[in-house]
There are 2 protein chains.
Amino acid sequence: MNHDLLLANIAKHIQLDEDEKQRFCAYLQVKKVKKKQHLLLEGGVNRFAMFVVSGCLRSYHLDENGFQYIQQFAPEGWWIGDMYSLITQEPGHLYIDALTDAELLLISKVNLEKLYKEIPKFNFYFRILAERSLVSYQERSMENLRLSAKERYGKFCLRYPTLTDLLSQKQIAAYIGVTPEFLSKMLHA
Amino acid sequence: MNHDLLLANIAKHIQLDEDEKQRFCAYLQVKKVKKKQHLLLEGGVNRFAMFVVSGCLRSYHLDENGFQYIQQFAPEGWWIGDMYSLITQEPGHLYIDALTDAELLLISKVNLEKLYKEIPKFNFYFRILAERSLVSYQERSMENLRLSAKERYGKFCLRYPTLTDLLSQKQIAAYIGVTPEFLSKMLHA
DNA sequence: CAGAAAAAATAACATAGGTTAAGAAAAGCG
DNA sequence: CGCTTTTCTTAACCTATGTTATTTTTTCTG
C-alpha cells in the first residue's frame with residue numbers, strides 16, 4: 001500500500017494506534033506526477049507538504065540570469081515543500097518539480113493544522129523532522145561558505161549516496177553552486 | 001525579572017497558566033557571562049539551549065587555518081546552541097562565545113525532555129521555532145551559493161539590523177564568508 | 001532507428017575574491 | 001593617560017571559479 005513507507009517513517013518517532021493511523025491517512029491524498037512536471041512555481045503558494053513514495057523531486061531557485069540553484073533533492077522517503085510558503089501561506093520563491101516519474105502523498109496545510117489539534121503527538125513528529133532538517137541546513141550554510149567546490153561535491157555525495165550516479169552533472173552542479181563547465185573540468189582534473 | 005522576556009516570547013505562540021509558567025521557570029537556570037567567555041568549544045557536548053536576556057552571543061566554526069565562520073549571532077531575545085550536539089548529545093563542531101557581557105537563561109537537554117512530557121504544548125512552541133529557524137537557514141544556504149559578497153552583506157544588514165553598526169567588520173566578514181581585507185575594500189569601493 | 005535536443009568535454013580568456021605585507025586608526029587595559 | 005593589542009585600510013599580486021564558444025557524446029522522442 002502507498003501509505004506504508006510514510007507510516008513506517010512516522011512509527012520511528014511516535015506510536016499511532018489503528019484509529020489514529022486511519023484518521024491520519026484520511027488527511028492524505030495520493031498524487032502521481034510525470035518527469036519534469038512542476039508542483040510549485042515561483043510566486044505560488046505552497047498548500048501541501050509532499051512525501052515522496054517513489055521517484056525523485058527537487059526544489060530550486062531561479063535567478064535573473066536563468067541559473068538554477070537546487071535547495072533539496074527528495075528521493076523516496078523524503079518530505080519536500082517550500083517551508084516558507086507552507087508556514088506563512090504567502091507566495092514563495094521556490095520551484096518544485098519531478099526529476100523522474102513519481103508518486104507522492106500530500107497533506108494540505110489545512111489538514112496539517114487539524115492533525116496537530118486532533119493528534120497532538122504530530123507536533124512531536126514534525127518537531128523532530130524540523131530539528132533534523134535545521135541541523136542539515138545549518139551545516140550546508142557553513143559548507144557553502146567555507147568549502148571549495150571539490151569539498152562541496154564530496155558533501156553532496158555523502159548526503160545523497162543514492163543519487164550520486166543517478167543525477168546529471170548539471171543537477172549536481174546546480175546543487176553545489178558551480179557551473180556545469182567547471183564541474184566537468186573539476187571531475188576530470 | 002529575568003524571565004519576562006522569555007515568557008513574553010513564549011506567550012506569542014502558546015498560552016501558559018500560572019502553574020505552567022512556574023514549572024517551566026523551575027527548569028531554567030540563570031547564567032551571567034563576560035565578554036569573550038566561551039560557553040561551548042569544538043568537541044564539547046552542548047547540554048543546554050540558551051536564551052539571551054541581554055548582551056550578544058555568537059556560534060562559529062573554526063577551520064584548520066584558524067579562520068572563523070560565524071553561523072549565528074544571538075542578540076537579546078534569541079535562542080542559541082549547537083543544535084546538532086543538543087539533539088544528539090554527541091560532541092559538536094561549534095564554538096559559542098559572548099561578544100559582550102551577557103545574561104542568559106539555560107534549559108538543560110534533560111529538563112527540556114521533561115518539559116515536553118509534562119507540558120506537551122512546548123512541542124508546539126519549539127516546533128514553530130525550529131520551523132522558522134529552518135526557513136532562515138534554507139534561505140542562507142541558497143544566498144551563500146548565489147549571491148555576491150556585496151549582496152550577502154545586504155542580507156546580513158536585513159537579518160541583524162540592530163547589529164549592523166555594533167559589530168566589528170571582522171565579525172561581519174566572518175558571517176558573510178569573506179576576508180576582512182576584502183570587506184574593507186568592498187565597503188570603500 | 002534517425003534526427004533533434006540535451007548534456008558533457010575542452011579550451012582561451014575574464015573576474016570576484018584571496019593572500020601577503022605594511023602602515024594608520026581605534027579600542028582595550030593597566 | 002600612555003602602552004599594547006586589535007582592527008582597519010591600502011595595494012600589488014595570485015587563484016578558484018565564471019564566461020563564451022565550439023565540438024563531442026548521450027539521451028530523448030517520434
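Small disclaimer: the values here were computed from a predicted structure and weren't measured. Lettering follows sequence order; numbering is per chain, from 1.
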Look at E18(B) together with K21(B) and state whether they make a salt bridge at an N to O cut-off of under 4.0 Å.
-> yes
Residues D101(A), K34(A): salt bridge by 4.0 Å N-O rule = yes
Return the value, rounded to whole Å, for the distance between atom [atom1] of [X] and atom [atom2] of [N].
X	N	atom1	atom2	answer
H188(A)	dA7(C)	NE2	C1'	12 Å
N65(B)	dT20(C)	CG	C1'	14 Å
D165(B)	dC8(D)	CG	C1'	16 Å
Q68(B)	dG18(C)	CD	C1'	18 Å
L99(B)	dA27(C)	CG	P	16 Å
K170(B)	dA26(C)	NZ	C1'	14 Å
Q171(B)	dT6(D)	CD	P	13 Å

Under 30°, 30 to 60°, or over 60°: which ring-plane class applies to W79(A) and F126(A), parallel, tilted or perpendicular?
-> perpendicular
Quick one: do the [X] and [Y] side chains pair a donor with an acceptor below 3.5 Å?
X	Y	value
Q72(B)	R58(B)	no
N123(B)	Y116(A)	no
E151(A)	S148(A)	yes

Counting only side-chain N and O atoms of Q169(B), is one of them less than 4.0 Å from OP1 or OP2 of dT9(D)?
->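 Looking at the OP1 and OP2 atoms of dT9(D), one of them is under 4.0 Å from a side-chain N or O of Q169(B).
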Nucleotide-resolved protein contact map, nucleotides 17-30 of chain D, B/S/- at heavy-atom distance under 4.0 Å | BBBBB------S--
For S184(A), answer base if it contacts any base atom (sugar-phosphate contacts may also be present), sugar-phosphate if it contacts only those atoms, and nothing otherwise; contact means non-hydrogen atoms under 4.0 Å.
->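 If one applies the 4.0 Å heavy-atom cut-off, S184(A) turns out to touch a base.
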